[in-house]
Amino acid sequence: MINVRELTGEDTEEIASFLSTQTDSPTDALRHRLNWLLRNPALSPDIPFGIGAFRDTCLRGVMICVPHRFREGNITKTCVLSILFYADRDARGAGLRVFLKFRALASRYPLYVATANAVASRIWLGLGGTPVAGSDCEYVHICRILPIGQEALARAMRRSPSHPPAQVVDNPSLYSDNDHLRPLATPDEAVAIGAACAPEAGQYEIVRDVDFLRWKVYEAGEKAYAYRFGDSRCRCVFQHSRRGYRQQIACTEIEDLCGNLAACDVSDFLRSVRQAFSPDMIMFRGCSRFAGMEGLKQKFKKRGFASPTAWLMDPNRLLDGRFGYSPLAGE
């Protein structure tokens, strides 16, 4: 018989061990990630750290709940992100029961996911979720063709990937000094730079205060950057990962771009990013507001996904239909 209950920070060892069996990731790395999640400044006592499905005393399914604060004008609301959703294949019904327990939070909080696969997408759709516009694609700018060509050849030969498709890596040491794209040493400096770079009004946007940037960006091994050139003044956050069947593609994702990036400066912006990080590929997600910046989008090629990756569940319209998704608010 499957029993479902809320999980707390005291369950991290059991959660890490279970997730290791599901992902083949080292238990130590998962434990480190869970402990990092426990430092989230938006944690609330009425939002569980996670939800677990147990058979007897054995954990057979899990989902971690990550609260984030969103603001529109003077109104702040908490949304809850679903991550690390796994269930044993032989634990029939465990995954659905975990999800239904999570869904019960929707009476008080908007719920969302940022990395849903086709199976998870069907669950979100069937239980009242709606896809976040644009989350069925990403935009890609190729900097080096060779590793991309190797991946295309491997896919044509139907070679199975030996690793997950994307692996996040800490990459700050690869930064190359750049006159236009300068690292911001502390979250306080990043917030000061961004004070005049408020996101577009009219939507609930992730709260980018000092505590959030310290935890989500700097503690995670990344930094914020100031881009200043021509008519452009903005603060940027990037994430670096490896993709491809043998992790041969160095990818730099634009996670956040707050401020003004003038169309006439886009070529210099991309040149500055290439100089700074030497990526094989620069990308941003179709559900980010960058997709509405025509001057930027024209430099990228659209790559479609089989199903949307980001979903929102807000049955009581707590956000009034104004959810401003940013990759910085995702996983």
Side-chain angles (χ1 to χ4, degrees), residues 4-44 47-68 80-91 94-95 98 102 113-117 120 160-175 187 211-223 237-253 255 277 309 327-331:
V4 176
R5 69 168 174 85
E6 295 181 353
L7 302 172
T8 70
E10 296 180 355
D11 298 307
T12 52
E13 193 65 37
E14 190 170 9
I15 297 170
S17 297
F18 172 76
L19 289 174
S20 182
T21 67
Q22 301 296 307
T23 65
D24 293 328
S25 298
T27 302
D28 286 347
L30 290 163
R31 186 187 302 113
H32 177 79
R33 184 179 181 188
L34 293 169
N35 287 331
W36 172 72
L37 289 168
L38 286 168
R39 297 194 294 274
N40 177 1
L43 289 180
S44 172
I47 299 173
F49 179 63
I51 298 165
F54 293 81
R55 178 176 289 162
D56 297 326
T57 60
C58 183
L59 185 62
R60 308 303 296 273
V62 70
M63 176 191 289
I64 302 300
C65 306
V66 184
H68 284 311
V80 184
L81 170 69
S82 162
I83 68 170
L84 298 174
F85 179 26
Y86 289 94
D88 270 344
R89 291 183 178 181
D90 61 348
V98 166
F102 172 70
V113 65
T115 54
N117 57 24
S160 298
S162 56
H163 298 279
Q167 177 183 345
V168 174
V169 293
D170 294 339
N171 202 18
S173 62
L174 296 184
Y175 179 79
D211 290 338
F212 175 77
L213 290 178
R214 177 183 293 114
W215 171 72
K216 187 66 191 293
V217 178
Y218 289 80
E219 282 193 28
E222 303 290 351
K223 289 182 179 178
V237 177
F238 305 95
Q239 187 179 81
H240 310 286
S241 62
R242 306 293 302 190
R243 294 187 174 193
Y245 76 97
R246 57 182 180 85
Q247 305 290 283
Q248 81 277 11
I249 303 173
C251 177
T252 291
E253 177 183 353
E255 278 211 306
F277 307 115
T309 59
L328 200 60
E331 202 169 342

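The first residue of the sequence shown is numbered 1, and numbering continues consecutively from there. Model, not experiment: these values are computed from the prediction.
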Item checked: side chain to side chain contact (heavy atoms under 4.5 Å, CB included) between I15 and F49, intermediate numbers included -> CA-CA 11 Å; I15 297 170; F49 179 63; 4.1 Å; yes
Margin query: For F238 and E253: C-alpha separation, side-chain torsions, deciding distance, then whether side chain to side chain contact (heavy atoms under 4.5 Å, CB included) applies.
Written below: CA-CA 5 Å; F238 305 95; E253 177 183 353; over 6 Å; no
Next item on the list: Check the pair M63, V113 against side chain to side chain contact (heavy atoms under 4.5 Å, CB included), reporting the backbone distance first and the verdict last.
Entry: CA-CA 11 Å; M63 176 191 289; V113 65; over 6 Å; no
Next item on the list: Begin with the C-alpha distance, continue with both residues' side-chain angles, and end with the deciding distance and a verdict on side chain to side chain contact (heavy atoms under 4.5 Å, CB included) for L328 and V217.
Entry: CA-CA 9 Å; L328 200 60; V217 178; 4.0 Å; yes
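A distance-only check finds a donor-acceptor pair linking the side chain of D11 to the backbone of T8 [under 3.5 Å]. Proximity of a side-chain donor or acceptor of S20 to a complementary backbone N or O of S25 within less than 3.5 Å is detected. N40 contributes a side-chain N or O that, together with a main-chain N or O of P67, makes up a donor-acceptor pair within less than 3.5 Å.
Nearest heavy-atom pair across A94 and R60 is CB-O, 4.4 Å. Across every non-hydrogen atom of A329 and L81, the tightest pair is O-CD2, 3.8 Å. Between A250 and R242, the shortest heavy-atom distance links the atoms CB-NH1, 3.3 Å. Here the shortest heavy-atom pairing between F85 and G95 reads CZ-O, 3.3 Å. Across all non-hydrogen atoms, the minimal contact from Y86 to F18 is O-CE2, 3.8 Å. Taking both residues in full, the closest heavy atoms of G52 and V98 are given as C-CG2, 4.2 Å, listed atom of the first, atom of the second, then distance.
Ring geometry for F212 versus H68: interplanar angle over 60°, hence perpendicular rather than tilted (30 to 60°).
In this structure the side chain of L30 reaches within 4.5 angstrom of the side chain of T23, judged on heavy atoms. Side-chain contact between P48 and L7: absent, with no pair of heavy atoms (C-beta onward) separated by less than 4.5 Å. The shortest side-chain heavy-atom distance between H240 and E222 falls under the 4.5 Å cut-off. Put simply, the side chain of I51 reaches to within 4.5 Å of the side chain of V4, judged on heavy atoms.
The CG atom of L59 sits 8.0 Å away from atom CG of L19, with the distance rounded to the nearest 0.5 Å. Interatomic distance, NZ of K216 versus CZ of R39, reported as 14.0 Å (0.5 Å rounding). Here CG of L37 is found 10.5 Å from OG1 of T12. Values are rounded to the nearest 0.5 Å. The line from SG of C251 to CZ of F277 is 12.0 Å long, rounded to the nearest 0.5 Å. Of the inter-residue distances, the one linking R33 atom CZ with I64 atom CD1 reads 9.0 Å to the nearest 0.5 angstrom. To the nearest 0.5 Å, atom CZ of residue R55 and atom OG1 of residue T57 are 12.0 Å apart.
Between R214 and E219, none of the side-chain N atoms (NZ, or NE/NH1/NH2) sits under 4.0 Å from a carboxylate O, so this pair counts as no salt bridge.
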